[in-house]
Amino acid sequence: MLDQDHRTSVSRSASLRLFILLFTPVALLILGGAWYVGKERIEEEVALIRTSEIANVVMGVRRLDDELHTPLNQLRLLAGEDALRRAVETEGARELRELESSFARLIAYTGHYDKVRWIDEQGRERARVNNVAGQAQVVGPEYLQRVADTHYFKAGVQLPAGQVHVSPLDLNVEHGKLETPRRPVLRLITPLHGADGAARGILVLNVAGQALLDAFTDSLVEIRDHAMLVNADGYWLKHPNSALEWGFLFNRQDTLGNHHPEAWQAIRAIPSGQDELADGLWTWSTVYPLKQEDAQAASAPPTWLVVSHLSRQHLEALRQAAWRSVGVYMFVLLAVYAAIAVWLTRAVSERTRAMAAAAQAQAEAEAAQRVSQAKERFRLVVEANINGLLVVDREGRIVLVNPALAAMFGYAREELVGQPLDMLLPEAGRSFHAGYFAAYLRDPEARPMGVGRELYGRRKDGSLFPIEISLSPFRENGELFVDAFVADISERRRGELLHRRIEARLQLMMQTNPNGLLVVDDQGAIEMANPALERMFGYAPGELLNQSLERLLPVDLRQRHAQLREGYMRQPSIRAMGDGMVLHGLRKDGATIPVRVSLACFVEEGRTYAQATVIDASGRG
């Protein structure tokens with residue numbers, strides 16, 4: 001009895017040591033992998049958020065800048081109208097009515113302006129038209145105001161002829177008091193002069209600030225709940241909490257600098273940037289209204305800052321979620337492998353206790369008989385098949401291989417028969433294959449192996465190569481066997497890699513070509529335009545996509561060109577366009593440029609596309 005108890009205790013101790021030996025290395029590997037994956041995942045998530053914040057802030061900056069170009073152009077056109085010149089020169093009643101009609105037409109046409117005014121050199125409103133609920137309303141003489149003390153009048157009358165003053169974005173004031181409800185306004189002012197060169201006051205265009213702020217908010221897409229617009233002094237013009245807005249008009253010190261001094265210090269240091277501080281992730285970019293195209297015409301335009309603030313709580317929640325997700329997977333893997341280790345420990349222990357020489361000899365004899373029967377049945381098919389073919393029994397041992405498979409893996413056929421299938425697999429995948437194989441035996445069916453995964457085989461020399469495998473089960477004398485058809489797809493992979501390289505080179509050629517290139521579909525829509533063509537015509541990257549080709553032509557030529565384009569699509573050829581003619585293109589800013597155009601065509605998926613090479617013939621390079 002004591003001897004039996006001792007043997008039992010020794011057996012249990014040996015089983016425990018075996019379990020620890022099997023479980024500990026892999027458990028440490030799983031823990032280390034989980035830590036690494038968690039760190040990588042958090043870095044990827046934060047990088048995606050950083051990129052998204054920057055992209056949204058840039059969209060807000062561009063939208064604000066774009067919204068001011070049209071008012072500036074319309075102010076210039078209005079300043080040059082004859083009605084305004086006559087009214088300024090004569091100041092007659094009829095001329096003033098004509099001027100008010102011109103102001104009313106502008107408001108009715110656009111709807112984006114709160115009011116249009118002529119203020120004389122003494123600071124008195126001489127003509128004024130308001131936008132009331134979308135309708136132009138002429139203000140009678142008795143309601144015209146004196147605004148000589150306003151900041152925008154003082155700035156406007158000092159401007160040289162032809163320049164424009166852009167006022168700060170603030171709230172509208174009527175008769176010395178802030179208008180209720182609040183009406184944000186941005187004023188564009190240009191000076192007026194008579195024929196004798198004498199000052200005749202200023203022309204003021206009040207841009208509806210709320211429409212500007214709404215357009216800014218709409219462009220933010222993913223950051224509306226934590227984005228803001230501030231002026232150069234840090235006062236909020238737009239904030240998720242509207243109570244903090246317009247503090248400089250109410251003598252409140254609600255500024256970004258007072259609420260977040262560390263962030264304001266970083267923002268003031270550089271015009272655009274991103275920084276993760278103690279209270280979260282800050283992303284900002286400075287808006288310079290009309291800086292690029294109208295810097296010479298605009299006098300000291302104000303600057304604004306588009307700022308997004310992603311709170312520390314949001315970032316911490318993201319990191320914690322990533323760790324929780326990785327932790328769940330880690331504990332599942334540990335539990336699964338612990339179960340496998342327990343199973344392996346029991347299997348090894350029981351096999352050791354139960355193994356006997358006679359049983360082993362009998363098993364080897366039965367295995368040899370099964371191999372012989374399977375080889376005879378499949379010999380003809382196996383020998384003739386040009387693809388790799390092997391047969392394994394339910395224990396995962398190879399019982400038959402054809403010459404094609406042996407050559408594919410660099411073995412002699414005799415070296416493979418009777419060996420475990422795992423010897424043909426990469427070492428990294430062997431630990432998982434036993435589970436996959438056992439699951440397949442529980443529900444065997446003819447199907448491809450490893451759908452959605454890349455499979456690799458391991459040659460005798462240790463090299464790996466990509467393969468495709470199809471599985472097919474069959475039974476022989478009540479025993480389950482599995483056919484595996486193996487194809488070496490190395491050549492296909494090399495062809496795919498070559499194709500991707502060629503495509504990448506073609507794309508690089510398109511992007512770096514100094515000539516303008518574009519592709520147009522059979523409906524005249526632009527499918528592709530390279531950077532050289534976008535710069536030639538003054539468009540931003542991607543702005544021309546899906547636009548009509550005729551957009552790049554002078555207005556008087558568009559209808560005729562559409563007919564010529566349709567004729568070319570019916571009979572396409574490689575040729576120069578407009579041979580012997582001087583061709584012109586229309587830039588985004590309205591300027592025309594002489595161009596030379598060469599045409600070619602190609603057919604893709606049953607549709608005809610035209611390819612045009614456009615060269616700027618003006619000599620500007």
Side-chain angles (χ1 to χ4, degrees), residues 40-70 169 211-232 234 236-241 256 260 262-264 266-277 279-293 303-319 321-322 504 507-508 510-512 526-535 537-547 588:
E40 287 293 313
R41 182 167 181 177
I42 289 173
E43 290 180 3
E44 290 176 1
E45 292 287 343
V46 172
L48 286 174
I49 287 179
R50 283 178 172 269
T51 302
S52 175
E53 293 289 301
I54 292 172
N56 280 273
V57 166
V58 170
M59 282 192 292
V61 170
R62 290 180 177 175
R63 186 59 180 271
L64 287 171
D65 190 53
D66 291 344
E67 288 292 320
L68 290 181
H69 286 294
T70 297
L169 180 61
L212 182 68
L213 293 175
D214 290 343
F216 163 72
T217 302
D218 292 342
S219 70
L220 297 177
V221 185
E222 299 173 354
I223 63 170
R224 295 174 185 170
D225 61 339
H226 58 276
M228 59 199 78
L229 180 67
V230 300
N231 64 15
W236 282 291
L237 308 177
K238 188 66 179 178
H239 191 282
N241 180 8
L256 184 59
H260 304 280
E262 185 182 7
W264 182 242
I267 291 170
R268 291 296 299 272
I270 54 176
S272 299
Q274 188 175 68
D275 200 358
E276 185 173 349
L277 304 175
D279 58 350
L281 179 65
W282 292 86
T283 308
W284 68 92
S285 186
T286 304
V287 185
Y288 300 96
L290 310 175
K291 176 182 179 181
Q292 294 183 353
E293 297 183 9
T303 58
W304 305 317
L305 286 159
V306 178
V307 182
S308 76
H309 175 214
L310 200 61
S311 68
R312 172 63 58 183
Q313 291 79 5
H314 186 98
L315 294 175
E316 288 301 323
L318 181 145
R319 292 185 171 97
Q507 183 66 21
L508 180 61
M510 291 293 293
Q511 294 296 318
T512 59
I526 298 174
E527 291 281 337
M528 186 280 296
N530 74 339
L533 186 127
E534 290 170 335
R535 290 192 298 270
F537 285 88
Y539 286 90
E543 191 175 0
L544 287 174
L545 292 182
N546 299 321
Q547 299 297 317
K588 182 179 179 180

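No hydrogens, no waters, no symmetry mates; every other heavy atom, side chains included, goes into these values. Each residue takes its place number in the sequence, starting with 1.
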_CG on Leu305 to CD1 on Ile267, rounded to 0.5 Å_ = 6.5 Å
*Considering all heavy atoms, the nearest Trp284-Ile270 contact*: NE1-O, 3.0 Å
*Considering all heavy atoms of both residues, which atom of Asp218 and which atom of Arg224 are nearest to each other, and what is their separation?*
O-NH2, 3.0 Å
*Mind checking the CD1-CG spacing from Ile42 to Leu315? Nearest 0.5 Å is all I need.*
11.0 Å
*Work out which heavy atom in Asn231 is nearest to a heavy atom in Trp264; give both atom names and the distance.*
O-CH2, 4.2 Å
*Using the test salt bridge (Lys or Arg N to Asp or Glu O under 4.0 Å), find all partners of Glu316 that sit at least two apart in sequence or belong to another chain.*
Arg312, Arg319
*For Gln511 and Pro531, which heavy atoms make the closest approach, and how far apart are they?*
OE1-CG, 3.1 Å
_Once side-chain hydrogen bond (donor to acceptor under 3.5 Å, both in side chains) is applied, do any residues pair with Glu40, and if so which ones, sequence neighbours excluded?_
none
*Determine the sole option in Asn56, Val57, Val58, Thr51 for which the side chain to side chain contact (heavy atoms under 4.5 Å, CB included) test with Ile54 is passed.*
Val58
*Please round to the nearest 0.5 Å and tell me the distance separating atom CG of Leu533 and atom CD1 of Ile526.*
7.5 Å
*asked:* Counting C-beta onward and ignoring hydrogens, is there a side-chain heavy-atom pair between Val306 and Phe216 closer than 4.5 Å?
replied: yes
*Say you draw a straight line from CG of Leu237 to CE of Met228; how long is it, rounded to the nearest 0.5 Å?*
12.0 Å
_Suppose the criterion is salt bridge (charged side-chain N to carboxylate O under 4.0 Å, His left out): which pairs have a residue in residues 42-63, not counting sequence neighbours?_
Arg50-Glu276, Arg63-Glu67
*Mind listing the closest non-hydrogen atom pair of Ala263 and Leu277 along with its distance?*
CA-CD1, 3.5 Å
*Leu220 and Ala227: which non-hydrogen atoms are nearest, and at how many Å?*
CD1-CB, 3.5 Å
_Partner residues of Trp304 under the ring-ring contact (aromatic ring centres under 6.0 Å, His included) criterion, sequence neighbours left out_ = none
_Please determine whether side chain to side chain contact (heavy atoms under 4.5 Å, CB included) holds for the pair Glu543 and Lys588, giving the CA-CA distance in whole Å, both sets of side-chain angles, and the decisive distance to 0.1 Å._
CA-CA 11 Å; Glu543 191 175 0; Lys588 182 179 179 180; 2.8 Å; yes
*asked:* Can you list everything that forms a ring-ring contact (aromatic ring centres under 6.0 Å, His included) with Trp282? Sequence neighbours excluded, please.
replied: His260, His309
_With a 4.5 Å cut-off on side-chain heavy atoms, are Ile223 and Thr283 touching?_
no
_My understanding is that only residues two or more places apart in sequence, or in another chain, count here; which of them pass side-chain hydrogen bond (donor to acceptor under 3.5 Å, both in side chains) with Thr286?_
none
